[in-house]
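Beneath this line is the structure, given in structure tokens, with notes to follow.
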Number of protein chains: 2
Amino acid sequence: MTIAGEHTENQILTSARDVFIAKGYEGARMQEIADRAGINKALLHYYFRSKENLFDAVFSEVASHLFPAMKQLLESDLGLKEKITFFVKIYLKALNENPYIPAFVINTLNTNPDGFLKYIKKAGVNPLLLQKQIEDEAGRGLIRAVKAEHLLVNIIAMCIFPFVARPIVQNIFEMNDEEYRFYLESRETEIIDFVLKSIRL
Amino acid sequence: MTIAGEHTENQILTSARDVFIAKGYEGARMQEIADRAGINKALLHYYFRSKENLFDAVFSEVASHLFPAMKQLLESDLGLKEKITFFVKIYLKALNENPYIPAFVINTLNTNPDGFLKYIKKAGVNPLLLQKQIEDEAGRGLIRAVKAEHLLVNIIAMCIFPFVARPIVQNIFEMNDEEYRFYLESRETEIIDFVLKSIRL
DNA sequence: TCTACATTTGACCGCTTGGTTAAAACACAT
DNA sequence: ATGTGTTTTAACCAAGCGGTCAAATGTAGA
């Protein structure tokens, strides 16, 4: 692969990601991806043999950024409260930089449930360590006992939801875009506070 | 409209809802909707002039079931803790009966953001009442002070997330379908407990 | 400059899609 | 039975889709 070739390939991947995220798999058009990449449509098939291949390439790139940070943090040796604090901060920062990814993932997840297991499995997120830490700190009277599979889901849910359901939330609370940006910012301390308050003794 | 006609129309709406939810707007095929309804494809256009019209009909029906229950509960005169308890129970029950609706709504919300505001506005969910009640009960020392726009979002997020991200959650925690059903059931008391613990003084 | 290979293009293809049409089948009041 | 309006159908259409192909262009070493 030449340097020019790599540049073209990256251009395609970037354009494809944008279009797939905005329109979903079925709604995305190979022509539009080609146009945005500034190339001929036939060239898409030269680099990625089919639409499905192209989508797989895009998705695996997105997925590869999704889990490792989570895994790394879960396996660090911080105290639980610090771990939760950092996790929420890192996670919300990542979401702010890619606000459309969760909806994209959810959409793909539900219209095409197959083909995901490999990415999830490969990520190797292991909640057992978290459970152990919870039990340990609960035993030492630092927090109350909670189940890891609920705590983790609760935290992630609270982080992601305002991004995937933005139009609903924004409208019910009658915020403009500026106010919503502010609202998203304020959720960082709010979620951390909410969780820590809940798991205190 | 004759009785037979109404029957056909309902048949179409039911089939259309199933297909739209399973495949999304772009992925849904008029032919498949017709087949499932046991009728000719041309008859779809006789009752609903276009695919877009049919989708609107389906979505407005779904949306009309989404908010009224929420609104009614928020405006009832229960104490906050009872209100939260009932809300989670009712909401999870509705989700269990229609587990694919949230993903469908999120998908539509993000690929076609327009046309939603009317349903949301019409629903008239008013969080001001909730905020007032929170301030009141906080003033009386029953709970700590929280912001309604965070509390409400937190609760709904925790309820919905395991339904829209089921494949991920199920896989990370290595559950089979039976175990996941059980997990979803256990979340009811877990969420209620998590929230009430968080807002205690 | 010639050669061999990778990259890029415009034109094209078969198929599926949402949508139309004219006629048939039905329902029902007279 | 007949006429009238509604409901249903098979056949069809133009447009748009993902994908292909042969030819053109670029790029490097010999």
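Residue numbers start from 1 in every chain, and the chains themselves are labelled A, B, ... in the order their sequence lines are given, proteins ahead of strands. The analysis underlying the following values was restricted to heavy atoms, covering all of them including side chains, and did not include hydrogens, waters or symmetry mates.
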Task: Rounded distance in Å - CD (Gln31(B)) to C1' (dC17(D)) - done: 18 Å
TODO: Establish, with yes or no, whether the OP1 or OP2 oxygen of dG18(D) is under 4.0 angstrom from a side-chain nitrogen or oxygen of Arg29(A).
DONE: yes
Task: N or O in side chain of Asn40(A) less than 4.0 angstrom from dG10(C) OP1/OP2 - done: yes
TODO: Starting at CG of Leu92(A), measure out to CD1 of Ile160(A) and round the result to the nearest 0.5 Å.
DONE: 9.5 Å
Open item on the list: Can you identify which nucleotide, out of dT9(D), dG18(D), dG18(C), has its nearest atom closest to the Lys41(B) side chain?
Closed with: dG18(C)
TODO: Check whether any side-chain heavy atom of Arg29(B) lies under 4.5 Å from a side-chain heavy atom of Ile33(B), and answer yes or no.
DONE: no
TODO: Measure the distance from CZ on Phe48(B) to P on dT8(D) and round it to the nearest whole Å.
DONE: 12 Å
TODO: Select one nucleotide: of dC21(D), dG19(C), dT8(D), the one nearest the side-chain heavy atoms of Leu43(B).
DONE: dT8(D)
Task: Length of the CG-C1' vector between Leu54(B) and dG18(C), whole Å - done: 12 Å
Task: Close side-chain approach of Gln133(A) and Leu74(A), heavy atoms under 4.5 Å - done: no
TODO: Send over the distance from Glu52(A) CD to dC17(D) C1', rounded to a whole Å.
DONE: 16 Å
TODO: May I have the distance from His45(B) (atom NE2) to dT6(D) (atom C1'), rounded to whole angstrom?
DONE: 19 Å
Open item on the list: What's the closest nucleotide to the side chain of Tyr47(B) if the choices are dT9(C), dG19(D), dT8(D)?
Closed with: dT8(D)
Task: Euclidean distance, atom CG of residue Leu44(A) to atom C1' of dG10(C) [Å, nearest integer] - done: 15 Å
Task: Donor + acceptor pair across side chains of Arg181(B), Asn96(B) (<3.5 Å) - done: no
- [ ] Check the distance between dC5(C)'s C1' and Tyr46(A)'s OH and give it to me in whole angstrom.
- [x] 9 Å
Open item on the list: On the nucleotide dT7(C), are OP1 or OP2 found under 4.0 Å from the side-chain N or O atoms that Thr8(A) carries?
Closed with: no
Open item on the list: Any donor-acceptor pair, under 3.5 Å, between the side chain of Lys51(A) and the base of dG19(D), if you only look at N and O atoms?
Closed with: no
Open item on the list: Base, sugar-phosphate or nothing for Ala28(B)? Non-hydrogen atoms, less than 4.0 Å.
Closed with: sugar-phosphate
Open item on the list: Please report whether the ring centroid of Tyr100(A) lies less than 6.0 Å from that of Phe104(A).
Closed with: no
Task: Whole-Å distance separating the CG atom of Asp35(B) from the C1' atom of dG18(C) - done: 15 Å
